[in-house]
Amino acid sequence: MLAGTPAGAARAADATPTATAAAASDRAAGAPAAAAPAATTELPPDGDTVASPPGANDWTCRPSAAHPNPVVLVHGTFANRYENWLVLSPLLKSLGYCVFALDYGTVPGITSSGSGLLLPIGGLGPVADSAVQLGRFVDLVRGATGAAEVDLVGHSQGGMLPNYYLKFLGGAAKVGKLVALAPSNHGTTLDGITNLAPYFPRVAELIYTACAACRDQAVGSDFNRRMASRPDTVPGVRYTVISTVYDEVVTPYRSQFLDGAGGAGAAAVDNEVVQAHCPLSLAEHVAVAFAPTVLHLVTNALDPAHATPVLCG
C-alpha cells in the first residue's frame, strides 16, 4: 500500500520533450484512451511532473529478441516513479530491456520532502481511476515500441493496481507477466490500524479525503469486495508475488499471495518470500524495492528461461 521512499530530485525534463494537444488531453482524468501513436511520435508519459528514473522512458527504445516485452514500472502509494525505481530501472536497462515508468494518482499540491527538495507524490487517487491511467500508459508504450505485450513490475499498490487493469479493463490481452513486490492484493489491516478508523471518524475522513487509494486498500473496502468478485488471476498472464515476512504495511504478509487455481487455462503464479532465499534478509515493505535478493527474483521472473539461483545480496 504505502511506499514511503525518501524524496529524490526536483522535476527534470523527460526523454520526450513535447506533448501534443491530443496527448495532453489523453492524460486528463477520465478522458477516453487515444489511438496508439506511431513509433516516431514524441510521446509524453501519463504523468510528467517527476523526473524519470535512470534508464526509463527512452521512447526510441526498440525491444530485442532476447527481451521482446517492454517493462512498465508502477510505483506505490505516497511514492513516485523516480524514487521508487532508482535501482531497478537502471538495472533492467543494463540487461537490455526497454524500461518505462509512469506517475499516477497524483493530487495537486501534495508533495514529500526528504533531502530538502519538494517532490510530487502519487498513488493517492482512487485505484480504479489509476488503473485507467496505467492502461493509457501501456498503450503508449506498445504504440511506441511496436510490442504486442508489456511486462509489469509494481511495488505495493503498484503491484495490486495492475491486477485491476487485468481483471476489469481488458489488460490481460496486453500483458505477459506481472511481478508484484509486497502488493496489497487483498487489502491490508495495517497491523490493525484500519480497524480503529470507525472509532476516529474525523481523523479517518481526513486521511481518506487526501488518499482515496488508502480507503480502497483497507480490508473490507468496496474496492476489495469488487476485486474478490472475480478470481485472483486472469488466464494468459504469468504472475509473481515477492513478499517479506517483515512487511509492516501490507499485513499479514501472506495476504499478498495470489491463488492461481482455476482448472484448465489457469494463470501461472509464483508466490515468493524473500527469506526463503535469504533467511538473514531484514528487508521490510519499502526495502523490497531495493534489496539485491528481490532484484534477483525480479530478473528471474521476467526471464524465467535464464533464471539463476538466488542468494543473499
Side-chain angles (χ1 to χ4, degrees), residues 3 5 52-57 61 63-64 66-76 79 81-102 134 138 141 147 149-163 166 175-185 233 237-247 249-250 253 256-258 260 267-278 281-313:
T5 52
S52 298
N57 296 336
C61 187
S64 65
H67 302 302
N69 287 3
V71 178
V72 174
L73 304 177
V74 190
H75 65 72
R81 63 185 176 188
Y82 182 83
E83 295 173 325
N84 219 146
W85 305 118
L86 275 172
V87 177
L88 182 59
S89 178
L91 172 63
L92 294 179
K93 184 69 172 180
S94 73
L95 295 175
Y97 290 91
C98 290
V99 184
F100 298 87
L102 79 158
L134 173 62
V138 167
V141 171
E149 294 182 336
V150 303
D151 292 334
L152 303 175
V153 179
H155 179 212
S156 197
Q157 180 191 164
M160 171 276 293
L161 178 157
N163 211 11
L166 300 179
V175 174
K177 304 180 187 71
L178 170 57
V179 183
L181 317 182
S184 50
N185 280 326
T233 58
V237 179
R238 184 182 182 98
Y239 296 77
T240 301
V241 174
I242 303 173
S243 304
T244 171
V245 300
Y246 297 112
D247 199 311
V249 176
V250 180
Y253 79 90
Q256 302 168 20
F257 296 170
L258 292 173
V269 177
D270 294 317
N271 292 307
E272 300 278 4
V273 179
V274 175
Q275 287 73 23
H277 300 273
C278 182
S281 175
L282 299 178
E284 42 68 70
H285 184 77
V286 174
V288 294
F290 307 95
T293 300
V294 176
L295 300 179
H296 195 159
L297 288 168
V298 170
T299 57
N300 277 357
L302 290 174
D303 190 6
H306 298 95
T308 57
V310 178
L311 305 174
C312 289

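This is a predicted model, so every value here is computed, not measured. Heavy atoms only: backbone and side chains are in, while hydrogens, waters and symmetry mates are out.
Here the closest heavy-atom approach between residue P183 and residue V250 is recorded as O-CG1, 3.5 Å. Minimum heavy-atom separation, N57 to S52: ND2-OG, 2.7 Å. When all heavy atoms are compared, the tightest approach of L152 to P162 is CD1-CB, 3.6 Å. What you find for R81 and A101 is that their closest heavy atoms are NH1-O, 3.2 Å. Contact between W85 and V153 at its shortest, heavy atoms only, is CZ2-O, 3.9 Å. Heavy atoms only, all atoms of each residue included: T293 and C278 are closest at OG1-CB, 3.7 Å.
Between the CG atom of L178 and the CG atom of L258 there is a distance of 7.5 Å, given to the nearest 0.5 Å. H75 NE2 to Q157 CD: the interatomic distance, rounded to the nearest 0.5 Å, is 8.0 Å. For the atom pair CD of E284 and CG of D247, the computed distance is 7.5 Å after rounding to the nearest 0.5 Å. To the nearest 0.5 Å, atoms CD (Q256) and CE (M160) are separated by 11.5 Å. From E83, atom CD reaches atom CZ of F290 across 8.0 Å, with rounding to the nearest 0.5 Å. In this structure, the separation between NE2 on H285 and CG on L181 is 9.5 Å, given to the nearest 0.5 Å.
No donor-acceptor distance shorter than 3.5 angstrom exists from the side chain of N163 to the backbone of T233, with no hydrogens or angles considered.
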For residues 86-96, tabulate all N or O donor-acceptor pairs below 3.5 Å that involve a side-chain atom, not counting sequence neighbours.
{"unit_1": "S89", "atom_1": "OG", "unit_2": "P54", "atom_2": "O", "d": "2.7"}
{"unit_1": "S89", "atom_1": "OG", "unit_2": "A56", "atom_2": "N", "d": "3.4"}
{"unit_1": "S94", "atom_1": "OG", "unit_2": "L91", "atom_2": "O", "d": "2.6"}

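Put simply, the side chain of L73 does not reach to within 4.5 Å of the side chain of N84, judged on heavy atoms. Contact annotation: the side chain of V288 never approaches that of I242 to less than 4.5 Å [non-hydrogen atoms, C-beta and beyond]. Between V72 and L134, the closest side-chain pair of non-hydrogen atoms falls below 4.5 Å. T240 is not listed as a side-chain neighbour of L297, based on a closest heavy-atom distance of 4.5 Å or more. The shortest distance between side-chain heavy atoms of V274 and Y253 does not fall below 4.5 Å.
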For a side chain to side chain contact (heavy atoms under 4.5 Å, CB included) check, start with the C-alpha distance between C98 and H67, then their side-chain angles and the critical distance, and finish with the verdict. CA-CA 8 Å; C98 290; H67 302 302; over 6 Å; no
Report the C-alpha distance between V175 and V150 in whole Å, list the side-chain angles of each, state the deciding distance to 0.1 Å, and finish with yes or no for side chain to side chain contact (heavy atoms under 4.5 Å, CB included). CA-CA 5 Å; V175 174; V150 303; 4.2 Å; yes
Could you walk me through whether L302 and V179 pass side chain to side chain contact (heavy atoms under 4.5 Å, CB included), step by step? CA-CA 8 Å; L302 290 174; V179 183; 4.1 Å; yes
Take D303 and Y97 through the test side chain to side chain contact (heavy atoms under 4.5 Å, CB included) and record every step on the way to the result. CA-CA 11 Å; D303 190 6; Y97 290 91; 3.6 Å; yes
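T244 and Q275 share a donor-acceptor pair across their side chains, judged by distance under 3.5 Å alone. Side-chain atoms of H296 and T308 include a donor-acceptor pair closer than 3.5 Å.
A salt bridge does not link D151 with R238: every distance from a Lys NZ or Arg NE/NH1/NH2 to an Asp or Glu carboxylate oxygen is 4.0 Å or more.
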